[in-house]
**Q** 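Encoded as structure tokens, here's the structure I'll be asking about.
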Amino acid sequence: MDKELIFLHHSTYPNASDIFNVDIKPLDKTIEDCIFVIDTNVLLLPYTTSSSGFEEINKAFSKLIKKDQLIIPAQVAREFAKNRPEKIKTLFQQLNVTKSKIQKPTTGQYPLLETLTEYKEAVNFEKEIQEIQAKYAKKIDEILGQIKNWRWNDPISSVYKKLFTPKIIKELSLSKDDIIKELERRNKYSIPPGFNDKSKDDFGVGDLIIWLTILEIAKEKEKDIIFVSGDEKNDWFYRSENQSLYPRFELITEFKNSTKQNTFHIVKLSQLLNILGAKEEAIKEVEIREINVRSSFSEFQTFAQNAEKSVYKWLKGFEPLKEITFNRGYPDFIIKDYEKIEGIDVMVIRNVKSMVGLSRLRERFMRAYYEINEGDYDCFRIFIIVQDQNSIDEIYKYLNHNSEKFKNEFIQILPGIINDDGELNIYI
């Protein structure tokens, strides 16, 4: 008999009388005298914004630092260090693909036309275009060269180096053993946050460390906390209709019980910029980027995991003699035989009509193109897994409308859905 499970609600809500007396200070009454804690996804987001957008983010962080209102958990700094190279790698790949797509015009050699003024003019224009293209390609090479020379001095990291001094970084005081013990307990009983990521290699310890750090900051500073994060998984938020509503009551209660009844809020970076009076165009841009990178909620994660399993089963059924290997990273699977090495990328789209997922397809296509161009793979198949037939139709409309962008004999795009029996139906 598991006594903790039986009395889980007692440990989650130790003071039952407080349940009906929770006083959550409104956000607008909190911002003047609180601590803003920054999440990893917020630090990484500027790698996808314009320079003007990042300038507004820089101003916002600077303003909070001057008022001694900003802290970054050490776990966030470590996660930033881990994920930053992937952002730069993606940028490098996209530029490389852009350069490889440059097509030189040619009017051909037609001696019969050499007396025509129009032909001579066309040949001259051709030379001018080729000269401009050569300069363009050279500039891209120079940019690629600069990216190669970046160590910890890319434009984003350079600004962060000036902003985030050691006093801004908060290290959690708990021992590793205590953290692991608490992680095991929370994962066992699905206590937020972190349990949504317990299937990951680190068992979701990242979110837990950040949360425990937030609690320590609140106790030390004796202030309200506003957590700036784009994470909207259901181990942080109550969700309905694919939208986050408000932070889980377990978190609010734990925060209040661990502090002097202080208030805890979670806002996105775009909300923070709005609060601090950033330019409207920067707020709009950040909102769009947040949609692109927002973490999926658990139901969708389950669907994504099932999609990978279904694709693997489908591949084994159609190609039983080939060696199919699960890959820890990109792509999801690798198929090898005596003729070629093929990459299999499984892409799951939640909402086709939003076009967010479909815009990501171009990035995946370019990534596959780059891997083939580098010689790591001979060909690629990109499986687009959606949740209904209407989404399949939308994908085909998108692909037909953008057929030139996805024309490559070595990359195949295969839309599909998972039926009620868990079988994958592919539409070729």
**Q** For Lys219 and Glu222, work out which heavy atoms get closest and say how close.
**A** O-CG, 3.5 Å
**Q** Indicate yes or no: at least one non-hydrogen side-chain atom of Thr263 is less than 4.5 angstrom from one of Ile226.
**A** no
**Q** Just checking Lys316: does its NZ atom have more than 12 heavy atoms from other residues, nucleotides or ligands closer to it than 6.0 angstrom?
**A** yes
**Q** Answer yes if the ring centres of Tyr312 and Phe333 are under 6.0 angstrom apart, and no otherwise.
**A**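 Yes, the ring centres sit under 6.0 Å apart.
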**Q** Between Asp332 (side chain only) and Val346 (backbone N and O only), is there a donor and an acceptor less than 3.5 Å apart?
**A**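 Checked: pair present.
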**Q** Would you confirm whether Asn149, through its side chain, and Gly145, through its main-chain N or O, come within 3.5 Å as a donor-acceptor pair?
**A** yes
**Q** If you measure from CH2 on Trp314 to CG on Leu414, what distance do you get to the nearest 0.5 Å?
**A**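 That separation rounds to 6.0 Å.
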**Q** Please report the shortest heavy-atom distance between Phe227 and Ile38, naming the atom on each side.
**A** CE1-C, 4.3 Å
**Q** Are Asp33 and Lys223 packed together at the side-chain level, in the sense that at least one heavy-atom pair is separated by less than 4.5 angstrom?
**A**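 Answer yes - side chains close enough.
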**Q** Answer yes or no: is there an ion pair linking Glu287 with Lys268, defined by an N-O contact shorter than 4.0 Å?
**A** no
**Q** Would you check if Ile426 and Leu424 make a side-chain contact, meaning some heavy-atom pair closer than 4.5 Å?
**A**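 Yes, close enough: below the 4.5 Å cut-off.
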**Q** Take atom NZ in Lys67; do more than 12 heavy atoms of anything else shown fall under 6.0 Å from it?
**A** yes
**Q** Does any non-hydrogen side-chain atom of Leu251 lie less than 4.5 Å from one of Pro193?
**A**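 Yes, at least one pair of side-chain atoms sits under 4.5 Å.
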**Q** Could you pull out the closest heavy-atom pair between Ile324 and Glu319, with the gap in Å?
**A**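 Closest pair (atom of Ile324, atom of Glu319, distance): CD1-O, 4.3 Å.
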**Q** Tell me, do Asn408 and Phe365 make a side-chain contact under 4.5 Å, heavy atoms counted?
**A** yes
**Q** Are Ser157 and Asn153 linked by a side-chain donor-acceptor pair shorter than 3.5 Å?
**A**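 No - no donor-acceptor pair under 3.5 Å links their side chains.
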**Q** Between Glu371 and Arg367 (salt bridge meaning N to carboxylate O under 4.0 Å), is one present in this structure?
**A** yes
**Q** Can you tell me how far the CG atom of Leu361 sits from the CZ atom of Phe406, to the nearest 0.5 Å?
**A**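 The CZ atom of Phe406 is 4.0 Å from CG of Leu361, to the nearest 0.5 Å.
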**Q** Taking the six-membered ring of Tyr47, is NZ or CZ of Arg84 closer than 6.0 Å to its centre and within 45° of its axis?
**A** no
**Q** Looking at Leu215 and Glu254, what are the two nearest heavy atoms and their distance?
**A**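 Taking Leu215 first and Glu254 second, the nearest heavy atoms are CD1-OE2, 3.6 Å.
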**Q** Should Glu56 and Lys59 count as an ion pair when the cut-off is N to O under 4.0 Å?
**A**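 So Glu56 pairs with Lys59 through a salt bridge.
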**Q** Is the distance from the ring center of Phe80 to that of Tyr160 below 6.0 Å?
**A**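 Yes: the rings meet the under 6.0 Å criterion.
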**Q** Could you go through the side-chain hydrogen bond (donor to acceptor under 3.5 Å, both in side chains) check for Ser270 and Glu290 one step at a time?
**A** CA-CA 8 Å; Ser270 56; Glu290 285 170 336; 2.7 Å; yes
**Q** Flag the pair Leu269 / Asn41 as yes when at least one side-chain heavy-atom distance between them is below 4.5 Å, and no otherwise.
**A**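 When only atoms from C-beta onward are counted, Asn41 and Leu269 do not touch, as no gap falls below 4.5 Å.
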**Q** Nearest 0.5 Å, what's the CZ-CD1 distance between Phe164 and Ile65?
**A**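 Phe164 atom CZ to Ile65 atom CD1 measures 5.5 Å (nearest 0.5 Å).
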**Q** Counting distance only, does the side-chain N/O of Glu342 pair as donor-acceptor with the main-chain N or O of Ile334 below 3.5 Å?
**A** no
**Q** Taking atom CG as the centre, does Asp178 end up with more than 12 heavy-atom neighbours from other residues, nucleotides or ligands that are less than 6.0 angstrom away?
**A**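 More than 12 within 6.0 Å, yes.
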**Q** Name the orientation class of the two ring planes belonging to Phe255 and Trp211 (parallel below 30°, tilted from 30 to 60°, perpendicular beyond 60°).
**A** tilted
**Q** Which heavy atom of Ile210 sits nearest a heavy atom of Pro73, and at what distance?
**A** CG2-CG, 4.3 Å
**Q** Are Gln75 and Glu79 close enough that a side-chain donor and a side-chain acceptor fall under 3.5 Å?
**A** yes
**Q** Quick one, Val37 and Thr213 - any side-chain contact, counting heavy atoms below 4.5 Å?
**A**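 Val37 does not reach Thr213 side chain to side chain.
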**Q** Evaluate whether atom NZ of Lys221 has more than 12 neighbouring non-hydrogen atoms of other residues, nucleotides or ligands under 6.0 angstrom away.
**A** no
**Q** May I ask you to test the Ile225-Asn262 pair for a side-chain heavy-atom distance under 4.5 Å?
**A** no
**Q** Which atoms form the tightest heavy-atom contact between Val348 and Ala307, and what is the distance?
**A** CG2-CB, 3.7 Å
**Q** Taking Val42's backbone N and O only, do any of them form a donor-acceptor pair with Asp39's side chain (distance below 3.5 Å, no angle check)?
**A** no
**Q** For Lys139, does the NZ atom have more than 12 heavy-atom neighbours from other residues, nucleotides or ligands under 6.0 Å away?
**A** no
**Q** What I want to find out is whether Arg381 reaches Asp345 closely enough, with some N-O distance under 4.0 Å, to be called a salt bridge.
**A**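 Answer for the salt bridge query: no.
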**Q** Between Glu182 and Arg185, does at least one N-O distance fall below 4.0 Å, as a salt bridge requires?
**A**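 Yes, charged N to carboxylate O under 4.0 Å.
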**Q** Measuring from atom CD of Gln133 to atom NZ of Lys138, what distance do you get when rounded to the nearest 0.5 angstrom?
**A** 16.0 Å
